[in-house]
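These notes concern the structure reproduced below.
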2 protein chains.
Amino acid sequence: MSRDPALAERYIDGLIADGDLRAAGEALATMPQWLVVDVLERTEARDRGVMFRLLAKDTASSVFEDLDPPLQSELIHDLHDEQVRDIFAELDPDDRAGLIDELPAKVANRLMRELDPEEQALTAAVLGYQVGSVGRRMSPEYVSTHPDTTAGQTLERVKQRIDQTETIYALPVTDNERHLVGMVGLRSVMKADPETPIRDLMNDAVSARAIESDETAARRAADERLIVMPIVDKEDRLVGILTIDDALQILEDADSEDVARQGGAEPLGRPYLSTPFRALVRSRIVWLLVLALGATLTVQVLEVFESTLEQVVALSLFVPLIIGTGGNTGNQAATTVTRALALGDVRKRDVARVLWQEARTGFTLGLILGGVAFAVAGLVYGMDFGLVIGLTLLTLCTIAASVGGIMPLLASAVRADPAVFSNPFISTFVDATGLIVYFLIARAVLGL
Amino acid sequence: MSRDPALAERYIDGLIADGDLRAAGEALATMPQWLVVDVLERTEARDRGVMFRLLAKDTASSVFEDLDPPLQSELIHDLHDEQVRDIFAELDPDDRAGLIDELPAKVANRLMRELDPEEQALTAAVLGYQVGSVGRRMSPEYVSTHPDTTAGQTLERVKQRIDQTETIYALPVTDNERHLVGMVGLRSVMKADPETPIRDLMNDAVSARAIESDETAARRAADERLIVMPIVDKEDRLVGILTIDDALQILEDADSEDVARQGGAEPLGRPYLSTPFRALVRSRIVWLLVLALGATLTVQVLEVFESTLEQVVALSLFVPLIIGTGGNTGNQAATTVTRALALGDVRKRDVARVLWQEARTGFTLGLILGGVAFAVAGLVYGMDFGLVIGLTLLTLCTIAASVGGIMPLLASAVRADPAVFSNPFISTFVDATGLIVYFLIARAVLGL
């Protein structure tokens with residue numbers, strides 16, 4: 001059996017199309033779980049339901065867990081109530097909360113009511129936090145220990161509760177009021193003499209508030225290389241843990257979102273091939289319309305300078321080159337600073353440093369590009385023309401890099417997504433500004 | 001003491017500028033390690049050396065480990081030979097290999113010679129694999145077990161070797177010839193009866209070949225939510241492990257690279273504020289020149305149609321809007337598909353599906369945008385003009401989305417970075433194509 005998801009999917013699809021469900025089920029049963037997940041993610045909604053029903057019960061639950069919530073929600077409509085109830089009961093509370101966001105309220109309520117009380121309470125704890133907060137992504141199932149407990153006692157406790165927790169590899173240490181006082185790795189616990197109190201083994205905890213943004217918290221966990229980050233409420237009481245695999249998922253989603261928005265589209269939130277064509281259109285049309293609306297500004301600028309254009313039609317030859325270069329310079333700066341912000345390498349209050357850095361960079365880039373353009377355009381179209389193009393690029397690159405650099409910081413200061421706010425804004429701004437700069441310099445140099 | 005790195009850095013910088021090194025050292029000593037790392041990453045190279053020398057010896061090693069290799073390499077030039085030797089000896093073999101890539105060969109050789117033989121061998125094992133392969137990023141320090149060993153014996157072995165391994169939380173299982181036969185979680189080992197053989201506890205291993213790309217391997221580890229992924233040679237013998245925190249680092253770097261290249265710049269490979277202004281210029285100038293060179297194509301296209309432009313100067317008013325919209329549509333498609341490729345949601349052989357999906361999407365987007373443009377431009381500039389703009393947008397959006405969608409796949413088929421190849425190429429291609437389409441339609445409709 002090939003391990004290429006494209007081939008595997010075509011194979012299973014073929015069997016289903018032929019009506020040979022038994023063979024399809026047998027083929028699925030021989031595949032490793034990741035391949036089954038990949039195949040489901042590549043298939044159309046209708047076939048996905050058929051395939052999923054062919055999976056063995058145990059496999060089905062763990063495959064379901066690995067799917068994105070929008071796919072989970074679509075699948076649920078294809079399954080029997082009983083099967084849905086079983087799968088829902090087996091999900092971790094945080095995954096359950098993720099699915100609930102996608103379901104119609106009626107279905108969600110019914111499923112919640114059918115859970116046993118303990119699972120209901122755990123899920124409710126996660127649902128109590130806003131979407132986008134780390135509280136919503138944490139696991140409320142953990143084993144904690146106490147500073148006065150010994151290593152031996154802790155190890156016993158871990159063994160007892162080994163099935164009721166998301167991880168045992170790092171344990172939060174709390175006092176009698178459930179306040180977080182430290183973290184201890186299972187490794188230190190195992191290594192220590194059994195009589196050692198946890199107090200002597202624990203480290204300061206790097207934690208996150210449950211109401212903090214999930215991306216900020218996950219980035220901190222990643223930077224600190226934590227397998228487990230404890231999550232606390234505003235009184236510093238432990239309410240859950242964020243495991244590194246969940247942190248990784250959060251960061252991957254956040255990066256997908258940034259990438260999509262920098263490309264001027266909304267994130268899909270689901271695998272590409274499983275995305276219906278209408279959803280693709282929806283994720284793009286709004287931005288295209290907004291950007292086209294912004295671009296009408298360039299039409300207006302050009303109208304203002306129409307008489308100049310009529311006098312020297314050759315000026316219009318360079319319009320795409322000039323606004324293109326301006327846009328590229330602006331995008332470079334915006335992309336670099338947006339990423340630095342996402343990684344926490346730059347903060348809002350660094351605006352002056354970034355401006356200084358980008359203005360110098362833009363000026364230098366403009367000097368090089370403008371110099372080349374002056375030489376080339378000067379040779380082909382005459383010195384005057386070369387001077388116009390060279391000076392325009394010098395000015396525009398300086399402006400574009402400066403604006404591109406500080407725009408993401410300003411966006412994040414007003415709590416907008418830097419990735420959205422920066423690139424689309426910059427295209428519009430730089431295009432219009434570039435044209436104004438170009439024609440003003442042309443008028444001055446060419447004496448129009 | 002504030003926990004804002006911007007403030008903390010300004011404070012320490014101030015103390016150093018005043019020459020009060022003792023106070024600076026004391027302030028650094030009170031900070032959590034992540035804050036010290038952040039402060040160092042924000043500081044200029046000269047101050048960074050001063051600050052680093054103020055750190056306590058133990059802190060210094062672990063802070064050093066958290067810095068990016070380019071910063072590590074700069075720091076090394078500021079430290080005494082002895083201090084360098086100590087720090088180098090304490091690094092993990094994979095981190096050591098990362099640093100060696102940044103050091104002058106002479107320094108690297110001297111440091112390697114000064115290592116004890118065992119560490120030398122471990123480092124050499126990692127250095128034996130190419131940069132960019134997962135072998136280069138793996139840890140050769142692990143504890144493995146055997147299918148016939150019992151859970152109790154395994155636990156004993158883990159305890160004995162607890163200090164000589166990167167992680168104990170998941171153990172590779174190997175046969176007598178060191179072939180990988182499975183993986184077992186410490187959790188299952190602890191939970192099981194001590195007499196149970198590992199054979200009954202282990203699962204199939206999801207592994208990576210050492211020569212595989214680090215990004216592919218890390219993405220697999222992340223998708224499978226593995227804390228530890230075993231790395232094997234071409235005979236399937238275990239050679240190392242990739243831990244999830246290293247996987248996360250690899251993915252973060254890969255995403256940074258994609259983001260930078262989609263923005264038309266080379267990745268910095270180090271925190272933004274610590275990047276000298278010349279390095280910023282270097283990371284951008286080549287792309288700007290290449291893109292500007294590509295843009296001269298638009299100058300040539302416009303020259304071909306110069307007589308048309310002279311007849312109807314108003315046509316030039318819409319040039320920025322049209323090529324801008326085409327570029328945006330192409331970028332949306334390219335960005336979406338590049339990300340889907342990076343996430344493994346789309347494979348090279350999906351080119352037909354992607355083309356069909358994007359062509360439909362582009363046509364629909366073009367229908368909407370072209371419709372709006374026809375109505376608006378028709379009202380303001382007359383029906384003929386509206387028709388030209390509308391038809392151009394419809395055609396261009398279809399072309400741009402199709403080309404934008406398949407370009408990343410073609411790039412990856414010829415082993416180029418999809419992120420580089422796609423967006424810059426698309427700007428150039430779509431700008432030139434857009435102009436040709438525009439003027440051909442204009443000539444036909446306006447009867448020029």
Side-chain angles (χ1 to χ4, degrees), chain A residues 6 34 159 162 168-169 187 190-191 222-225 244-245 248 255-256 259 263-265 271-273 277 280-281 284-285 288 291-292 295 298-299 302-303 309-310 313 316-321 323-325 328 331-332 335-336 339-340 345-347 349-350 357 360-361 364-365 368-369 431, chain B residues 6 34 159 162 168-169 187 190-191 222-225 244-245 248 255-256 259 263-265 271-273 277 280-281 284-285 288 291-292 295 298-299 302-303 309-310 313 316-321 323-325 328 331-332 335-336 339-340 345-347 349-350 357 360-361 364-365 368-369 431:
Chain A
W34 63 266
K159 279 184 195 159
I162 207 158
I168 56 166
Y169 300 137
R187 187 166 166 148
M190 286 178 66
K191 199 171 131 181
D223 284 350
E224 293 286 300
R225 302 174 156 235
I244 191 168
D245 56 323
L248 211 151
D255 285 350
S256 290
V259 165
Y272 177 80
L273 291 178
F277 132 78
L280 281 183
V281 173
R284 301 183 188 172
I285 186 66
L288 282 183
L291 293 173
T298 60
V299 180
L302 286 170
E303 270 186 336
L309 267 177
E310 276 167 1
V313 173
S316 65
L317 303 183
F318 293 91
V319 164
L321 184 137
I323 62 178
T325 305
N328 290 333
N331 272 340
Q332 287 180 330
T335 309
T336 310
R339 183 67 182 165
D345 290 343
V346 165
R347 315 256 157 178
R349 59 169 87 234
D350 292 318
Q357 184 94 312
R360 281 191 298 170
T361 305
T364 312
L365 293 170
I368 301 173
L369 287 169
D431 284 3
Chain B
W34 64 265
K159 279 185 194 157
I162 208 158
I168 57 165
Y169 300 136
R187 188 166 165 150
M190 285 178 66
K191 202 170 128 180
D223 284 350
E224 294 287 301
R225 302 174 155 235
I244 191 169
D245 56 322
L248 210 153
D255 285 350
S256 291
V259 165
Y272 177 82
L273 291 178
F277 132 79
L280 281 183
V281 173
R284 301 182 188 172
I285 187 65
L288 281 183
L291 292 173
T298 60
V299 180
L302 285 170
E303 271 186 335
L309 265 177
E310 274 167 4
V313 172
S316 66
L317 302 185
F318 293 90
V319 163
L321 184 136
I323 62 178
T325 305
N328 290 333
N331 272 339
Q332 288 181 329
T335 309
T336 310
R339 183 67 182 166
D345 290 343
V346 165
R347 316 255 157 177
R349 58 170 86 233
D350 292 317
Q357 184 94 313
R360 282 191 297 169
T361 305
T364 313
L365 293 170
I368 301 173
L369 287 168
D431 284 3

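A quick note: this is a predicted structure, and the numbers were derived from the prediction, not measured.
No other option in A:Ala295, A:Ser316, A:Gly324, A:Ser256 has as many heavy-atom pairs under 4.5 Å with chain B as A:Ser256. For the options A:Thr325, A:Leu273, A:Asp431, heavy-atom pairs under 4.5 Å to chain B are most numerous at A:Leu273. Ranking B:Arg360, B:Arg347, B:Lys159 against chain A, the residue ahead of the rest is B:Arg360, based on heavy-atom pairs under 4.5 Å. Comparing B:Asp245, B:Ile285, B:Leu248, B:Leu288 by heavy-atom pairs within less than 4.5 Å of chain A, the highest count is held by B:Leu288. Ranked by heavy-atom pairs under 4.5 Å with chain B, the list A:Ala340, A:Ala265, A:Pro320 is led by A:Pro320. Highest contact tally toward chain B, considering only A:Met190, A:Arg284, A:Arg225, is held by A:Arg284 [criterion: heavy-atom pairs under 4.5 Å]. Ranked by non-hydrogen atom pairs under 4.5 Å with chain B, the options A:Thr298, A:Val346, A:Leu369 are led by A:Leu369.
Residue B:Ile368 touches chain A through its side chain alone, counting heavy-atom pairs closer than 4.5 Å. Residue contact with chain A, scored on non-hydrogen atoms closer than 4.5 Å, involves the side chain of B:Thr364 exclusively. Interface residue B:Glu224: only side-chain heavy atoms are found under 4.5 Å from chain A. Contacts of B:Asn328 with chain A are made by both backbone and side-chain atoms, with heavy-atom separations under 4.5 Å. Interface residue B:Val319: only side-chain heavy atoms are found under 4.5 Å from chain A. Heavy-atom distances place both the backbone and the side chain of B:Lys191 under 4.5 Å from chain A. Only the side chain of A:Arg339 comes within contact range of chain B, judged by heavy atoms closer than 4.5 Å. When heavy atoms are compared at a cutoff of 4.5 Å, B:Ile323 approaches chain A solely by way of its side chain, counted from C-beta outward.
Across every non-hydrogen atom of B:Gly263 and A:Gln332, the tightest pair is O-CG, 3.3 Å. Considering all non-hydrogen atoms of both residues, B:Gln357 and A:Tyr272 come closest at CG-OH, 3.6 Å.
In this structure, CG on B:Leu309 lies 7.0 Å from CG on A:Leu317, to the nearest 0.5 angstrom. Remark: A:Leu291 CG to B:Leu321 CG distance equals 10.5 Å, nearest 0.5 Å.
Checking side-chain atoms of A:Tyr169 against main-chain N and O of B:Ile168 turns up no donor-acceptor pair under 3.5 Å.
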Inset, instruction - Take B:Thr335 and A:Val259, measure what side-chain contact (heavy atoms from CB on, under 4.5 Å) needs, and give me the verdict at the end. - result: CA-CA 7 Å; B:Thr335 309; A:Val259 165; 3.3 Å; yes
